[in-house]
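Shown next, in structure tokens, is the structure this report addresses.
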Amino acid sequence: MSKAPLLEELLKYHKEENLILSMPGNKSGKAFLRDSLGKKFKETLGDLDITEVDPLDNLHCPEGVIKEAEELLAKTYNVKKAYFLVNGSSSGNLASIFAAFKEGDEVLVERNCHKSIYNGLILRKLKVIYIDAVIDE
């Protein structure tokens, strides 16, 4: 039987109908009730967008269900460690750039990359050689 510790705890927490006073600011999806698109989102995933409350663990310092879920993720991909992103894909891009390069390294970068890549290039003080994207029609 496969395990999904974080999802299981989220569903259990939601069923308790707790008053949400934590992040994110959408208050467990209530902020999405303003229009039909937001309502559809809330009907699906909005209820589960809860962080940093007991017993859901803390993404910044996982010790419970998030730690267990990250360990299962690492096992799935046969790697030593796996981490869930905090602050979305931009933070993952920055972490990758800082982990992979030293200040002043030369890198190849496609001109159509995500904005966070440009930010990382500047922050890491990298020497950039821009290349055009190859499009396979």
Does Y118 belong to the same Ile/Leu/Val/Met/Phe/Trp/Tyr cluster as V128, with side-chain heavy atoms less than 4.5 Å apart forming each link? yes
Once you round to the nearest 0.5 Å, how far does CG of L85 lie from CG of L59? 9.5 Å
Find the distance between NE2 (H14) and CG (L56) and round it off to the nearest 0.5 Å. 12.0 Å
Under a 4.0 Å N-O cut-off, is there an ion pair linking E70 with K81? no
CZ of F101 to NZ of K127, rounded to nearest 0.5 Å, is 14.0 Å
From CD1 (I97) to CZ (R124), nearest 0.5 Å: 10.0 Å
Is it true that L73 and Y83 fall in one hydrophobic cluster, defined by side-chain heavy atoms closer than 4.5 Å? no
Taken to the nearest 0.5 Å, the spacing of I117 CD1 from H114 NE2 works out to 8.0 Å
For the residue pair G120 and F98, what are the closest heavy atoms and their distance? O-CE1, 4.4 Å
Among D57, L11, V65, which residue meets the side-chain contact (heavy atoms from CB on, under 4.5 Å) test with L6? V65
First locate atom CG of L108, then atom CG of L126, and finally report the distance between them rounded to the nearest 0.5 Å. 11.5 Å
Do F41 and L33 sit in the same hydrophobic cluster, where Ile, Leu, Val, Met, Phe, Trp and Tyr count as joined when their side-chain heavy atoms come under 4.5 Å apart? no
With R111 as the cation and Y130 as the aromatic partner, state whether NZ or CZ is under 6.0 Å from the six-membered ring centre and within 45° of the axis. yes
